[in-house]
Number of protein chains: 2
Amino acid sequence: MLESQRRAVSRGTMLRRERDPADGLWVLQSGWAVSALGMPDGSRQITKVHLPGDVMGTPGAALSGGTETVSMLTGGMVSTFSRAQLTSVFRDHPRLSALFFVLVQVERLSLCDRLASIGRTDARARIAALLLDLAHRSRLADPAMGDRLALPMTQEDIGDAVGLTAVHVNRMMRVLADEGLIEREAGAVRLLDEANLARISGYVSRWSEPDTSWLPKPAE
Amino acid sequence: MLESQRRAVSRGTMLRRERDPADGLWVLQSGWAVSALGMPDGSRQITKVHLPGDVMGTPGAALSGGTETVSMLTGGMVSTFSRAQLTSVFRDHPRLSALFFVLVQVERLSLCDRLASIGRTDARARIAALLLDLAHRSRLADPAMGDRLALPMTQEDIGDAVGLTAVHVNRMMRVLADEGLIEREAGAVRLLDEANLARISGYVSRWSEPDTSWLPKPAE
DNA sequence: CGGTAATTTGAAGAGCCTCAACTAGGGTGG
DNA sequence: CCACCCTAGTTGAGGCTCTTCAAATTACCG
């Protein structure tokens, strides 16, 4: 059995702070979380919004120093993975090791997409891209969600994710709503026109199907 | 023998275009290269500047679709790695697999840093952070380089890397020079005050020493 | 040496931020 | 049960950063 303890965590819990020593990693079983980097001036950059099923804290597991702050946006359940377990995976399960490798590559590519979004598109497009990304990933877990995306993030959180202020996030979401692209509800958003949202944001889904053809056979 | 052909490539060569089918990966033996994503409007975001010794094209090797465009900034030498070779590494070399994993984590973290730089700092700080990053990495290969960083990038390239226009890159580099933080030469930059460059950019080096304590023993 | 790419500089405007005030909800304690 | 507070969202005004457009200058390469 690879996973160990399950643990209930409440909203706002920090699973790891930036300077904490490296330990294991987590799998988010339910709820939402974020990984973030703090800046010297006190602001922060959210590097990833975690949905149920996501593996969190891999950089901290693989590298020496603490790296990102991982904190809960909602209450939820996490299960922990120790470093020793990671070691044994690489020693004993070649195919699983390669799958880990693929998984990190997907994350890496997703980061590149967000880099391009923040570096090369305007505020409206960045928010559209974030919403589409969250919607596509939510849909993997819940294909029946339709166009309604549960969104337990404040506008400040959204701003920290896409490099904007909360004030400007507010204005741009109003614009998207006025254009009929989204509809806003309490703690949720309806994506009324995903095709146009994708067009204005340049969003492409990377979550289709990773290529497993090159992995070692599941021999043993 | 894991590496295969070495190949000389000239400046401007595109090793892979964004939509190309997935193949292997490369190790850059000499010269500089960049990985980039193209945007619908024709602009591009450079996701990584590659220095000699870097592994390039890992996402394309691990995932199905083509992903990033990899192109040479200067002439140089690359050696290629096929997907089949990657498969055999994961099957037969647990420790090497884990090292690959660590390597990708370092890259991932480095991307997070740049995300924070672009999302949360101004133009001057972004350029300072890029210069420091390149200097630290160059220094790993050539500890004797002193404060002189060879920089075979146009200002347009720099802008594409940090999310700015070439015009504004030009102005900000002039500001850095006027402040006495850098000194500009043809195809190179002197970093006159790395401490202050780090202070204004919030740069922290991630290239110190990855933690290898958890890796499987180099048994066989 | 001619031609093209890269850098430099100026001026004007757009986009986003800052500051500030106000509104709405949700929880808490009296 | 209501008063209060604290968080989150909303809206306006003004200013600064960065972009855009344009032109001139310099460096590079055949």
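Order of the sequence lines sets the chain letters (A, B, ...), proteins ahead of strands, with each chain counted from 1. Not measured: the values here are computed from a predicted model.
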For [N], does either OP1 or OP2 sit under 4.0 Å from a side-chain N or O belonging to [X]?
X	N	result
B:Thr154	C:dA6	no
A:Thr165	C:dC16	no
B:Arg184	C:dT8	yes
A:Arg120	D:dC18	no
A:Gln155	D:dT10	yes

Nearest whole Å is fine: how far is [N] [atom2] from [X] [atom1]?
X	N	atom1	atom2	result
A:Leu164	C:dT18	CG	C1'	14 Å
B:Asp41	D:dT19	CG	C1'	13 Å
A:Met173	D:dT11	CE	P	13 Å
B:Ile158	D:dC18	CD1	P	16 Å
A:Glu185	C:dG25	CD	C1'	17 Å
B:Leu73	C:dA5	CG	P	17 Å
B:Met172	D:dC16	CE	C1'	12 Å
A:Asp122	D:dC18	CG	C1'	14 Å

TODO: Using a cut-off of 6.0 Å, state whether more than 12 heavy atoms not belonging to B:Arg148 lie near its atom CZ.
DONE: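 Counting other residues, nucleotides and ligands, CZ of B:Arg148 exceeds 12 neighbours.
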Task: Closest non-hydrogen atom pair, A:Ala177 against A:Arg184 - done: CB-NE, 4.4 Å
Task: Mutual orientation of the aromatic rings belonging to A:Phe101 and A:Trp214 [parallel < 30°, tilted 30-60°, perpendicular > 60°] - done: perpendicular
With heavy atoms under 4.0 Å as the rule, sort [X] into base, sugar-phosphate or nothing.
X	result
A:Arg174	sugar-phosphate
B:Arg11	sugar-phosphate
B:Gly187	nothing

Open item on the list: Using 0.5 Å steps for rounding, measure from the CD atom of A:Glu185 to the CG atom of A:Leu151.
Closed with: 11.0 Å
Counting side-chain heavy atoms from CB outward, which of [options] is closest to [X]?
X	options	answer
B:Ala123	C:dT18, C:dC17, D:dC18	D:dC18
B:Arg171	C:dC17, D:dG12, D:dT19	D:dT19
A:His168	C:dC17, C:dT18, C:dT7	C:dC17
A:Val167	D:dA22, C:dC19, C:dC17	C:dC19
A:Asn170	D:dT19, C:dA6, D:dG9	D:dG9

TODO: Taking the side chain as every heavy atom from C-beta outward, state whether A:Trp26 and A:His50 have any pair of such atoms under 4.5 Å apart.
DONE: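 No. Closest side-chain heavy atoms not under 4.5 Å.
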Task: Heavy-atom check, side chain of B:Ser35 versus side chain of B:Thr69, under 4.5 Å - done: no
- [ ] By nearest nucleotide on DNA chain C, pick out whichever of B:Met153 and A:Arg126 is the more 5' one.
- [x] B:Met153
